[in-house]
Amino acid sequence: MSKYPFNEIEKKWQKHWEENETFKVKEDPSFPKEKRAYILDMFPYPSGAGLHVGHPEGYTATDIYCRYLRMKGINVLHPMGFDSFGLPAENYAIKTGTHPKVTTEKNINHFRKQIKSLGFSYDWSREVSTHSSEYYKWTQWIFLQLYKKGLAYEAETPINWCPDCLTGLANEEVKDGRCDRCGHQVERRNTRQWILKITDYADKLLEGLEDLDWSDSLKAMQRNWIGRSEGANVEFKLEKTDDSIEVYTTRPDTLFGATYMVLAPEHSLVEKITTADQKDAVEKYIRDASMKSDMERTELAKDKSGVFTGSYAINPVNGDKIPVWISDYVLTTYGTGAIMAVPAHDQRDWEFATKFKLPIIEVLKGGDITAEAFTGDGTHINSGFLDNMGKEEAIDYMINWLEERKLGTKTVNYKLRDWIFARQRYWGEPIPLVHCPSCGIVPVPEDQLPIALPEVDDFKPAGNGESPLAKVDEFVRCKCPECGEDAKRETITMPQWAGSCWYYLRYLDPKNENRFVSKEAEDYWMPVDLYVGGTEHAVLHLLYARFWHKILFDLGLVSHKEPFQRLVNQGMITAYAYQRKNKSLVPTDEVKEDDGNYTEIATGEKLEQVIAKMSKSLKNVENPDIMIDQYGADSFRMYEMFMGPFQVSKPWSTKGLSGVHRFLNRVWNVTTREMTDEKPPAELTKVLHKTIKKVSHDTDGLEFNTAIAQMMIFINEVFKHDKCYRELWEPFTLLIAPYAPHMGEEMWQMLGHSEIIAFEDWPAWIEELTLDDEKEVVLQINGKVRSKMIIAAGTSREELEKMAFENEKIISLTEGKNIIKVICVPDKLVNIVAK
RNA sequence: GCGAGCGUGGUGGAAUUGGUAGACACGCUGGUCUUAGGAACCAGUGCCUCCGGUGUAAGGGUUCGAGUCCCUUCGCUCGCACCA
């Protein structure tokens, strides 16, 4: 068999597409709204490591889908660009002295070349990079709009600080108390920040999710992150002073069970209310707490700690005197930083009360409060006017009661915090503001944008919480745009997420020098019809971008409330790893495989094959370049789609890749056969029409794996014949073209066409031709298959039943039995219920 | 702990509304061709004691019929995590 010359073919067509700008797209008004589609990939951060196999997975899926849509007559916008600000390039600069711009652009060129080698149909004329000043001019411009709307503020607050990246982090960037980027333990640190008021948009971000075509799990993650809860703020007067403590609770109905209060150690009233004899203990506790990292606080979660302040508060519903404690299980950042403790009905309070021997009063029946807190619904007891009410009723009643007496108010709280929008680093967009001694903070006039990053030699962060820009005198020194006096430029830069908050809008009109995007282009394409990317951005990028978009919408700058109408997460590509008995993993190159058994070379220990994330340390990272070189881009693309369902994570197997490669070789092999215009055999025509139907349906639904399986079935059938029937081969070539575009073009040309295949019409199937004339019907007795028979399709129920009882096997097995019931499903089965 | 999802051959995975479990592919076995094959082609391949039985994590339920629906349990993955 001839090996197909993928290398030659792929180069040829990539060159053709590039030279002819085949996939350049215009805002052609002759396409009505429903014949336009904006298909977007999450653009990559151009790391020095280059593309890994995960990138092409999403990109291939969208490419297939775009090519399919074009063949269906849709005007498709499919751009690509680079998220090119970020710490790795800057860290590299600190180490080597190479300017991040140099490394970044070198990496971009490498990425672009790699992406192009896969034959994707991007409109490269729209490429954007977030680090270019033409781009970040508009990032800064949008920031100014936010600032002017009062959505950005400066603050000196304790934030998550990564001691390795030497910068502050947003809450979203901290995972398990560690920096999401480098894995270092995060510290608390007071630093000057710029912060965006994302909390102002909490409700809009929540409501907006409703109508989006996103997975439930992703929506759940966002809802979870926003963390809206309804409850009440309640005021507790202190016994001895005029001060009062305000608490937030979602269970005002349990107020009669509140037996003590707890303040966060950082609460502003702590100092004031601490009595003389408790002073030493309280101060020591606060000191200890402040020295603990967030991580340590969480790790000690099970073991509650705390100190009594010496003061008492008055429970507003029954006048009881209750002690006020401090404990780090109460967070200063949530609610009011203080709680009323109801140990009978809150597990944390229960643990605390048990440890410190505080009273536990049951106010809802239904649990055993001597064993644990009862948080379910039940009937109120010991609760005065709430007695005999259920949970919901009592909550409403209590809120009314409190509001009437001005003791509390219905309140909504969010877990979502404002967005720390600041990096104390060099390689990011400078924030376009000026600090003037007399005018305060003054925005840079829009006509002075962009505020360009100055050239520097020293990229090292000051480490004192200011960015390296603070050391650049000619950058910092400026005149106040308002009064003209000496002023200082803001030196904090924007976080990496800034550029990706709006890149999908810049693609629409990337060269526009007067506006971030023209009204016409925005109106022509938005919203994004399909956005594909990894789950790792579920709350970060996707929440931030939605936030910015909603602001732009409120400013009348974009036409839709939500940017990404439909969003699909690709599954992660994992890899096999090898595990010892003690669950530790062995790098792939230290493992010997023998007939499905795996042993560790060094020790001879038997290993179990497991699935793990690809990682450098396990040496199981796959390099797409090598695969493409060896098998071709078409094989590589197709294998990534064939591995399994698009949205599900699945392990990479190079053996599987060779299977797909074998398939493409077989396809090629058919083209080398005698081409004929003869009528093909009926059974082949049938397979073709079934294939068109299945491939159309599955491509439409992003079910690429089953579409490919069907094409394999088709080829397996065709392979049994000696000839290549044009009548079959033309439609099949059209079907495979989105999947293996280079081969598709080449085969189309071989069929004698002078136009390229990319914009040909997608083939249609004839329903009648997909139907089988004969069906195999199963004969069951009591649900068990006993026999089968071939019948003409569409045979009636009566006929079917009659035929079943003529079947020898059925006759012998039903002999002497009572036939209770017969179920006939035409073209499928006959089930006889007999006793 | 809370939220979401998933458990199907040796492996990746297929299975419209509940209707023949295991499509397609890898691997394996046998064969053809070949100087050779880690190429290609053809055939076979869930398991068992192979007549027949059995089988979709385990147990139970609904149904004529359950991988699919319901309940319980176990296991795995992801996200959040003292959020009051």
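Proteins come first, then strands; the chains are lettered A, B, ... in the order of their sequence lines, and each starts at number 1. Side chains included, hydrogens not; waters and symmetry mates left out as well; all remaining heavy atoms used.
Taking the side chain of A:S217 as heavy atoms from C-beta on, and the options B:A4, B:G13, B:A23, the nearest nucleotide is B:A4. Considering only the side chain of A:P645, B:G13 comes nearest among B:A25, B:C64, B:G13.
Within the nucleic acid shown, A:I713 comes within 4.0 Å of sugar-phosphate atoms alone, with no base atom in reach, counting heavy atoms only. The residue A:S653 sits apart from the nucleic acid: no heavy atom pair falls under 4.0 Å. Here A:V825 lies in heavy-atom contact (under 4.0 Å) with a base. If you check every strand for non-hydrogen atoms under 4.0 Å, A:E776 touches a base. Within the nucleic acid shown, A:Q347 has no heavy atom closer than 4.0 Å to any nucleic acid atom. The residue A:G335 sits apart from the nucleic acid: no heavy atom pair falls under 4.0 Å.
Geometrically, A:R546 does not engage A:W225 in a cation-pi contact defined by less than 6.0 Å to the ring centre and at most 45° from the axis. Both the sub-6.0 Å distance and the 45° axial angle are satisfied by A:K304 relative to the ring of A:Y329.
Contact of A:K415 with B:C80 (side chain to base): no donor-acceptor pair of N or O atoms is detected under 3.5 Å.
Side chains of A:Y248 and A:S229: a donor on one and an acceptor on the other come within 3.5 Å. Side chains of A:T199 and A:D418: a donor on one and an acceptor on the other come within 3.5 Å.
Considering only side-chain N and O atoms, A:Y248 lies nowhere under 4.0 angstrom from the phosphate OP1 or OP2 of B:A84. Using a 4.0 Å cut-off, some side-chain N or O of A:N705 falls inside it from OP1 or OP2 of B:A14.
Comparing the C1' positions of B:G30 and B:U62 gives a spacing of 47 Å, expressed to the nearest Å.
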Which nucleotides of RNA chain B pair, in dot-bracket form (Watson-Crick or G-U under 3.5 Å, | meaning another strand): (((((((..(((......[....)))((((((.......))))))(((...)))..(((((..]....))))))))))))....
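Anti is the classification of B:G12, since its glycosidic angle lies more than 90° from 0.
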